[in-house]
Amino acid sequence: MVRRMRVQVLILVGLTLFTVFSLTPIVWALLISIREPIDAFSIPPKILVEPTFRYHVDIWLGRGFLGFFLNSAIIAAGTVLVSVPVGTLAAYALSRIQTRASRSLLMSLLVVRMFPHVLLVIPFFVMARSLEMINTYPAMIAAMVALNQPFTVWLMRSFFLEIPRELDEAAYIDGCNAWQAFWNVILPLARPGMVVTSLFSLLLAYNEFLFALVLTGTDTKTLPVAIAEYGGEDLNYWSLSAAGAIGIMLPILTFMLFFQRHLVRGLTIGAVKG
Amino acid sequence: MASTHRRSRLDRRRSLWPFVVPSALIIISVQIYPLAYALYLSFTDFYLGAASSNFIGLQNYVSLLAQDRVWSALRVTLSLVVVSILIEFVLGLLLALALYKLVRGAKLFSTLMFVPYLITPVVAALFLRWVFASRWGLADALIASMNIFPPDWLGAPSWAFVTLVVADIWQFTPFIMLILFAGLQGINPSLLEAGRIDGASGARLVWHVILPALRPQILFVLAIRLMDAFRTFDSIYVLTGGGPGTATETMTLYTYMLAFKQLEVGRASAMGVLTLLVVTGLILMVISVVYRRDKGAF
């Protein structure tokens, strides 16, 4: 009994230490963002100062971050609108056809997933440049769909696999063709899966940096590119860019709270099943 | 009767193939075609701004392989990947076991520890930059307050490497932890009970019972981390930019520099193809291990 208690205490200490390690940089950034630079870096450090939110207001309203947020939102939404419907169709077929051909198709999607992004971004840039599509939404959305499609198919397929095939059979016996069986019977049941898949696609597009750095410009700049430019050495900008960084993080934290139980599935897609 | 039934089933299966077409078209036009184009570019002297380009065969590859900078990038990449993944794996496994043993509160801890993995990588890198920045960063402030002269985290070659490893650990240990924790919860408790009855406990139980049972998850996290660590761009770009000098320049970063700073698109494509070859080699190694040891784990 005593030994068990001791083990529990040891575990608690270890976990607490790592949690502190995980959260310290975030808390530090939050502190920077709500203090005047003079207070934040005075020696000895001042712990208790009047918090100010003027940098939060300034970065979003005065420095154009609201516009960058809009760009991020348009690109992420466009990505989901293309990637998820198309991926859902393919995922349904690949969950029902279980042949050698379909399995090798799924495997090749995994292979596509492992291409280095930096190799893909070069032809994208050259093509977008010759089509005069640099600094446009469609170029960036096309790139994000490319990165998302394999993941979307695998994730949606895992949801379709959970829907018993007897339901398809029943629909066929009732005289449905393949499309009707999919549209009227299976798809309504897969709707929660589509919500989860859409949110993960949204997150991937929202977080993307390399492609946004290369393909977007002044009119289409997304939040990650904008904040990377703001992270300058100049101490006077620290509070401002910390405020921006914290703001960019907030939607993701909300997402996480609501979708915690789907996280593991979203992350392990492509693992054991298949 | 039976044969017509099977027949109709086969027809239905065929009628599903059109569902795959839109997705296949997308993959072909925005993945396969660009890659083929990049491969073609790697055999040309394409330079942004030049009017035309010529086919120059393997010349890009030959001149790249003759560059010290390329070999140094390969060395940096491999050591970053190996060191980070090793530490992350050990830490992630320990944390997963701790969460598994914890009587209550596992959910709270795992949620809190998971935050760094989900936040935008650029933002995560900036958070760390404010910790490791010289003089005003949190790390320096803490160390200096103990009257120790702090190291130059981002400016000295070996410390810059350490900082990048810490950054990788900070961001990706939670991923390994979560997958292994999920795997642990899937282990049949009677298996552990049997191990205990056989007299195994503590480290022996982990080694002989738990690790073998976790093999699919372990191989999965290693394969995924290997792929992702090879193409890490955001955090290195923000934290060190490959510096000081080229001390922390990885293959990915050098490819980016070639293409978008030096505008040598042809040569950059060749560098990207070389990166792809190295990753493919490593992944094939992992997959061959999987298929030999545990058929069907993937």
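Throughout, protein chains are lettered first and strands after them, A, B, ... in sequence-line order, and every chain is numbered starting at 1.
- Side-chain N or O atoms of Q8(A) include one that pairs as donor or acceptor with a backbone N or O of K101(B) at under 3.5 Å.
- Rounding to the nearest 0.5 Å gives a distance of 11.0 Å between CD1 of I119(B) and CG of L203(A).
- Separation of atoms OG (S22(A)) and CG (L112(B)) is listed at 8.5 Å; rounding is to 0.5 Å.
- Between the W28(A) side chain and the W130(B) main chain, a donor and an acceptor come within less than 3.5 Å of each other.
- Heavy-atom contacts from other residues, nucleotides or ligands closer than 6.0 Å to CH2 of W179(A) number more than 12.
- Without hydrogens or angle criteria, Q31(B) side chain to A146(A) main chain gives a donor-acceptor distance under 3.5 Å.
- Taking the six-membered ring for Trp and the full ring otherwise, F18(A) and F109(B) have centroids separated by 6.0 Å or more.
- Between atom CZ of residue F233(B) and atom CG of residue L210(A) there is a gap of 5.0 Å, rounded to the nearest 0.5 Å.
- Judged by distance alone, with hydrogens and angles left aside, the side-chain atoms of W170(B) form a donor-acceptor pair with the main-chain N or O of F21(A) at under 3.5 Å.
- Atoms CG and CZ, from L48(B) and R129(A) in turn, are 4.5 Å apart once rounded to the nearest 0.5 Å.
- For F260(B), the CZ atom counts as densely surrounded, since its 6.0 Å shell holds more than 12 non-hydrogen atoms of other residues, nucleotides or ligands.
- The structure places CG of L119(A) at 7.0 Å from OG of S269(B), a figure rounded to the nearest 0.5 Å.
- Between F182(A) and F19(B), the two ring planes are perpendicular [angle over 60°; tilted spans 30° to 60°].
- Heavy atoms of L39(B) lying under 4.5 Å from chain A are absent altogether.
- The closest side-chain heavy-atom distance from T255(B) to I122(A) is below 4.5 Å.
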